[in-house]
Novice: 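Please read through the structure below; I'll follow up with questions.
Scope of the values below: all heavy atoms of this structure, side chains included, with no hydrogens, waters or symmetry mates.
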Amino acid sequence: MPFDHNDHYHRLLLRTIGRASGGTGGRALDVGCGTGRFARRLAAAGYTVDAIDPSAEVIAEARAASGTGGGDGDNPRYRQADITTTALPAGHYDVITALASIHHVPFATVARLRDALAPGGTLVILGCAPESGPVDLLRTAVAVPANAVARLAVWTRDRATGQQVPAKPPVAEPTLPLPAIRRQAATLLPGATVRRKLFWRYLLVYRHPR
């Protein structure tokens with residue numbers, strides 16, 4: 001049943017970006033954009049969006065959903081690219097987002113994102129981490145029934161409307177536990193906040209010094 005945990009947090013992410021950046025728009029980069037749902041929400045919020053993903057299939061679907069062909073004037077502008085190797089302009093982006101994509105690469109990759117932020121820019125990561133203690137197990141005990149209810153609601157809605165299930169990006173199991181993420185973030189992203197969320201996600205927010 002197609003309940004997308006990342007989509008569930010879109011409104012929270014947009015509010016977080018608005019509080020951190022003043023909601024003034026600007027240049028944004030969406031890392032691991034998948035089929036482009038959040039990239040399109042950033043564009044609708046007034047950002048000029050570069051959206052990248054290593055999967056050619058989901059980039060093609062993202063372009064089709066946006067009605068774009070990959071031109072420089074598109075917004076969002078989708079590109080097939082690997083965040084660990086693609087060149088990023090230094091000090092360029094006002095907002096960088098990564099939804100369930102950082103666990104596909106070494107966590108130190110966040111240093112490349114940090115360096116691509118403009119002064120005062122915001123990095124927002126909705127990440128995945130394995131359970132690592134009794135508090136996480138308790139949270140999962142709450143998340144499992146809530147997830148079942150949400151999946152059923154989404155399935156019922158999509159069946160009634162005839163909505164097609166989108167292509168799924170590659171899946172990888174997270175291996176870096178949240179305590180290790182917090183330690184690395186403290187070194188690479190000083191001042192960042194990291195909070196565990198329901199539905200097996202954490203929220204990391206970093207503001208680049210002005």
Novice: Could you give all pairs that pass the ring pair (Phe, Tyr, Trp, His ring centres under 6.0 Å) test and reach residues 60-81, with sequence neighbours left out?
Specialist: none
Novice: For Arg114, which residues count as a side chain to side chain contact (heavy atoms under 4.5 Å, CB included) partner, sequence neighbours excluded?
Specialist: Ala111, Leu188, Leu189, Tyr206, His208
Novice: Keeping Thr109 on the side-chain end and Pro106 on the backbone end, is there a donor-acceptor pair under 3.5 Å?
Specialist: yes
Novice: Measure across Asp30 and Ala98 and return the closest heavy-atom pair with its distance rounded to 0.1 Å.
Specialist: OD1-N, 4.4 Å
Novice: Once you round to the nearest 0.5 Å, how far does CZ of Arg37 lie from CG of Leu42?
Specialist: 15.0 Å
Novice: Restricting to side chain to side chain contact (heavy atoms under 4.5 Å, CB included), what partner residues turn up for Ala180, sequence neighbours left out?
Specialist: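 Ala180: side chain to side chain contact (heavy atoms under 4.5 Å, CB included) contacts with Leu176, Pro177, Arg183.
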Novice: Locate the shortest heavy-atom distance separating Arg201 from Arg196; write the atom from each residue and the value.
Specialist: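 Arg201 and Arg196 have their closest heavy atoms at O-CD, 3.5 Å.
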Novice: Does the pair Thr187 and Gln184 meet the rule for a side-chain contact (heavy atoms from CB on, under 4.5 Å), with working shown?
Specialist: CA-CA 5 Å; Thr187 299; Gln184 293 195 37; 5.9 Å; no
Novice: For the pair Gln80 (side chain) and Ser55 (backbone), establish whether a donor and an acceptor sit closer than 3.5 Å, ignoring hydrogens and angles.
Specialist: no
Novice: Can you list the residues that meet the side chain to side chain contact (heavy atoms under 4.5 Å, CB included) rule with Arg210, with sequence neighbours excluded?
Specialist: Arg207
Novice: Grab the two heavy atoms, one from Arg27 and one from His92, that are nearest each other, plus how far apart they are.
Specialist: NE-O, 2.6 Å
Novice: Do the side chains of Leu99 and Leu13 get nearer than 4.5 Å, heavy atoms only?
Specialist: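 Yes, side chains in contact.
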Novice: Taking C-beta and beyond as the side chain, do Thr97 and Ile17 meet within less than 4.5 Å on heavy atoms?
Specialist: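 They are in contact (side-chain heavy atoms under 4.5 Å apart), so the answer is yes.
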Novice: Looking at every non-hydrogen atom in both residues, tell me the closest pair between Ala62 and Gly34 and how far apart they are.
Specialist: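 Result for this residue pair: CB-O, 3.8 Å.
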Novice: Any sub-3.5 Å donor-acceptor pair from Arg40's side-chain atoms to Thr35's backbone N or O?
Specialist: yes
Novice: Are the side chain of Asn75 and the backbone of Ala44 linked by a donor-acceptor contact shorter than 3.5 Å?
Specialist: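 No, because the side chain of Asn75 does not come within donor-acceptor range (under 3.5 Å) of the backbone of Ala44.
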Novice: I would like to know whether Leu123 and Tyr93 meet side-chain contact (heavy atoms from CB on, under 4.5 Å); could you show each step before the answer?
Specialist: CA-CA 9 Å; Leu123 169 64; Tyr93 292 105; over 6 Å; no
Novice: Report the C-alpha distance between Ile96 and Ile125 in whole Å, list the side-chain angles of each, state the deciding distance to 0.1 Å, and finish with yes or no for side-chain contact (heavy atoms from CB on, under 4.5 Å).
Specialist: CA-CA 8 Å; Ile96 298 178; Ile125 294 172; over 6 Å; no
Novice: Mind checking side chain to side chain donor-acceptor pair (under 3.5 Å) for Asp82 and listing every partner two or more places apart, or none if nothing turns up?
Specialist: Thr84
Novice: Check Leu204 against Ala192 and note the closest heavy-atom contact, atom names and distance.
Specialist: CD2-CB, 4.3 Å
Novice: Do Ile59 and Cys33 have side-chain heavy atoms sitting under 4.5 Å apart?
Specialist: yes
Novice: Would you give the length of the straight line joining atom CG of Leu29 to atom CZ of Arg79, rounded to the nearest 0.5 angstrom?
Specialist: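 That separation rounds to 8.0 Å.
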Novice: Looking at CD1 of Ile83 and NE2 of His104, how far apart are the two atoms once the value is rounded to the nearest 0.5 Å?
Specialist: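 With rounding to 0.5 Å, CD1 (Ile83) is 13.5 Å from NE2 (His104).
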Novice: Excluding sequence neighbours, so at least two apart, what forms salt bridge (Lys or Arg N to Asp or Glu O under 4.0 Å) with Asp50?
Specialist: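 Salt bridge (Lys or Arg N to Asp or Glu O under 4.0 Å) list for Asp50, sorted by chain: Arg77.
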Novice: Within this structure, what is the OH-CD1 distance for the pair Tyr202 and Ile102, rounded to the nearest 0.5 Å?
Specialist: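 Between Tyr202 OH and Ile102 CD1, I get 7.0 Å after rounding to 0.5 Å.
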Novice: Please confirm whether the backbone N or O of Arg112 pairs with a side-chain atom of Asp115, one donor and one acceptor, at under 3.5 Å?
Specialist: no
Novice: Go through the steps to decide whether Leu113 and Leu88 satisfy the test side-chain contact (heavy atoms from CB on, under 4.5 Å), and finish with yes or no.
Specialist: CA-CA 8 Å; Leu113 307 183; Leu88 297 177; 4.0 Å; yes
Novice: Measuring only between side-chain heavy atoms, which start at C-beta, is Thr122 closer than 4.5 Å to Leu117?
Specialist: no
Novice: So which atom in Asp94 and which in Gly26 form the shortest heavy-atom distance, rounded to 0.1 Å?
Specialist: OD2-CA, 3.4 Å
